[in-house]
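Okay, so here's the structure we're looking at.
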Amino acid sequence: MSNASDNCAVKIAVRERPVRQSLINSKESSVIGYHPNPNILIVEERPFTFDYVLSPEVTQAQVFEDLIKPLVKKLKLGFNCTALAYGQTGTGKSYTMGLDSTNIEGEHIGVVPRVLKEIFSAETQDKDNTENEPVFKREISASFIEIYNEKVYDLLAENSSEPIIAKGFRYTGGSRKPLTDINECHAILTQGSKNRHVRPTKMNSQSSRSHAIFTIHLRCILRNTNGEESIISSCMNLVDLAGSEGVRRTGHQGVAMSEGVNINQGLLSIGKVLQAMTMGSKVIPYRDSVLSSVLQDSLNLNSYLTLLACISPHREDLSETLSTLRFAQNAKQLKNTPQINSI
Ligand code: ADP
Ligand code: MG
């Protein structure tokens with residue numbers, strides 16, 4: 001693994017999952033090759049360059065240290081941040097993001113519980129070590145939603161099986177649960193992931209077609225020596241996207257084309273939003289899907305973005321792997337210039 005410059009607001013990582021258990025005894029070798037240059041991976045003799053190339057041996061702890069911890073630092077300084085896991089179903093998106101409450105202990109814990117732990121442990125340290133203007137008060141809250149079939153479900157609401165918003169309405173956010181310690185974080189994650197799983201069976205069979213977004217909201221009230229207050233609020237979206245299979249891209253600019261009825265509207269629109277941002281378009285098509293409209297406040301040139309593209313070692317998945325790599329390469333063109341959200 002290599003270290004991309006900390007100053008770059010957009011980071012693109014590719015993570016190869018380990019060989020599936022059922023295929024572990026087959027003689028098949030991975031279609032993913034590694035280059036002496038740690039930023040390059042090779043598929044079908046073709047090199048792809050990314051900020052981070054993560055082989056199956058890379059641990060959850062390393063993923064957090066290298067890719068996510070820098071975002072937590074930015075969040076605390078008042079920047080909006082987003083980490084997106086993109087890829088075919090079964091390539092480790094949910095594993096990486098840690099949105100499944102069964103993995104909240106041990107080495108397998110993923111991004112979300114690690115971020116929450118980091119915020120709370122760093123919170124204690126900050127109290128004795130405030131930089132610039134002292135933080136008078138810090139409020140942390142979380143929301144957890146799922147988008148399925150162009151509808152938003154609030155996983156922390158009492159009635160999480162009723163959609164809170166459908167296409168055409170402005171999304172104003174899911175319920176925000178205040179967080180004061182790490183145990184509350186675990187409770188929220190457990191509640192949300194349980195609600196995700198008990199949705200009617202029709203939904204479960206479609207779970208690879210749903211996006212889950214865990215958002216951490218941070219609000220800092222600063223008070224200077226004259227007693228004047230200012231507020232900085234920022235959020236971090238941790239996004240476990242639906243399986244990208246069926247989403248095909250054509251042309252060098254990555255224009256997403258629909259193919260049949262199984263196309264995931266949200267993923268297509270994210271591709272279009274990233275493309276419009278890359279091209280410097282004045283109008284970014286956030287309204288094309290519920291997913292892009294929900295992410296509007298953090299998927300813009302003012303925010304930090306880390307894309308985790310998850311890929312499979314198996315030959316049968318090769319065309320999806322290439323499609324994911326192309327999506328990730330297109331995102332590499334982004335040049336974000338984040339600003340602090342101060343009120
Ligand atoms: P996705 O969310 O992309 O559909 P999952 O995260 O559910 O895929 O992963 C599928 C299975 O593979 C899970 O059982 C998961 O624990 C396992 N898995 C994925 N990536 C890794 C990894 N890097 N290390 C260990 N197990 C993994
Ligand atoms: Mg998943």
Side-chain angles (χ1 to χ4, degrees), residues 1 13-24 26 28 30-32 34 41 50 52-68 83-115 144-149 153 155 189-190 192-199 201 203-214 237-247 262 264 266-267 270 291 306-314 316-325 327-328:
M1 192 183 317
V14 173
R15 187 182 202 188
E16 180 190 356
R17 62 150 292 157
V19 170
R20 279 199 290 275
Q21 204 61 35
S22 58
L23 291 167
I24 223 150
S26 77
E28 189 197 340
S30 173
V31 294
I32 313 297
Y34 293 84
L41 63 75
F50 296 103
Y52 296 89
V53 168
L54 316 177
S55 71
E57 292 77 41
V58 171
T59 62
Q60 296 281 72
Q62 265 174 286
V63 170
F64 177 73
E65 243 350 93
D66 289 0
L67 293 166
I68 307 296
L84 285 174
Y86 181 98
Q88 178 186 7
T89 297
T91 50
K93 298 181 297 297
S94 303
Y95 176 81
T96 302
M97 296 314 280
L99 278 176
D100 187 342
S101 61
T102 52
N103 265 338
I104 52 176
E105 303 285 344
E107 62 172 300
H108 291 292
I109 66 173
V111 164
V112 170
R114 284 178 200 267
V115 167
F144 192 6
I145 62 162
E146 180 172 47
I147 301 173
Y148 172 67
N149 215 0
Y153 296 84
L155 298 175
L189 205 51
T190 308
S193 57
K194 195 169 118 240
N195 284 340
R196 206 179 168 192
H197 293 130
V198 295
R199 189 77 38 71
T201 37
M203 169 80 195
N204 270 352
S205 64
Q206 301 285 336
S207 68
S208 66
R209 290 253 160 245
S210 81
H211 313 285
I213 306 177
F214 192 99
N237 282 311
L238 299 162
V239 189
D240 180 6
L241 290 171
S244 59
E245 55 276 11
V247 176
N262 288 328
N264 187 308
L267 289 179
I270 291 298
L291 177 66
T306 293
L307 176 72
L308 284 145
C310 298
I311 54 171
S312 153
H314 301 290
E316 65 188 28
D317 297 326
L318 182 61
S319 65
E320 292 304 337
T321 297
L322 288 168
S323 159
T324 298
L325 293 174
F327 181 90

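Every heavy atom of this structure was used, including side-chain atoms; hydrogens, water molecules and symmetry mates were not. Given the structure is predicted, the values throughout are model-derived calculations rather than measurements. Numbering of ligands and ligand atoms starts at 1, following listing order.
Ring pair Tyr86/Phe327 is parallel by interplanar angle, where below 30° counts as parallel and above 60° as perpendicular.
Cys310 does not count as a contact of ligand 1, since none of its heavy atoms falls under 4.0 Å from the ligand. Contact annotation: Pro18 has at least one heavy atom less than 4.0 Å from an atom of ligand 1. Residue contact annotation: Arg15 has a non-hydrogen atom under 4.0 Å from ligand 1.
Tested against Phe144, the residues Ile213, Asn195, Leu189 include a single side chain to side chain contact (heavy atoms under 4.5 Å, CB included) partner, Leu189.
Residue contact check: Gly92 has heavy atoms under 4.0 Å from atoms 1 (P), 3 (O), 5 (P), 6 (O), 8 (O), 9 (O), 19 (C), 20 (N) of ligand 1. Residue-ligand proximity, Gln88 to ligand 1, at heavy-atom distances under 4.0 Å covers atoms 3 (O). Of all atoms in ligand 1, listed by their number and element, those nearer than 4.0 Å to a heavy atom of Thr89 are 4 (O).
Applying the side chain to side chain contact (heavy atoms under 4.5 Å, CB included) criterion to Thr89, with sequence neighbours excluded, gives Ser208, Glu245. Partners of Thr91 under the side chain to side chain donor-acceptor pair (under 3.5 Å) rule, at least two apart in sequence or in another chain, do not exist in this structure.
The shortest N/O to N/O separation between Gly90 and ligand 1 falls below 3.5 Å.
Listed for the Thr324 side chain is a donor-acceptor partner under 3.5 Å among the backbone atoms of Glu320.
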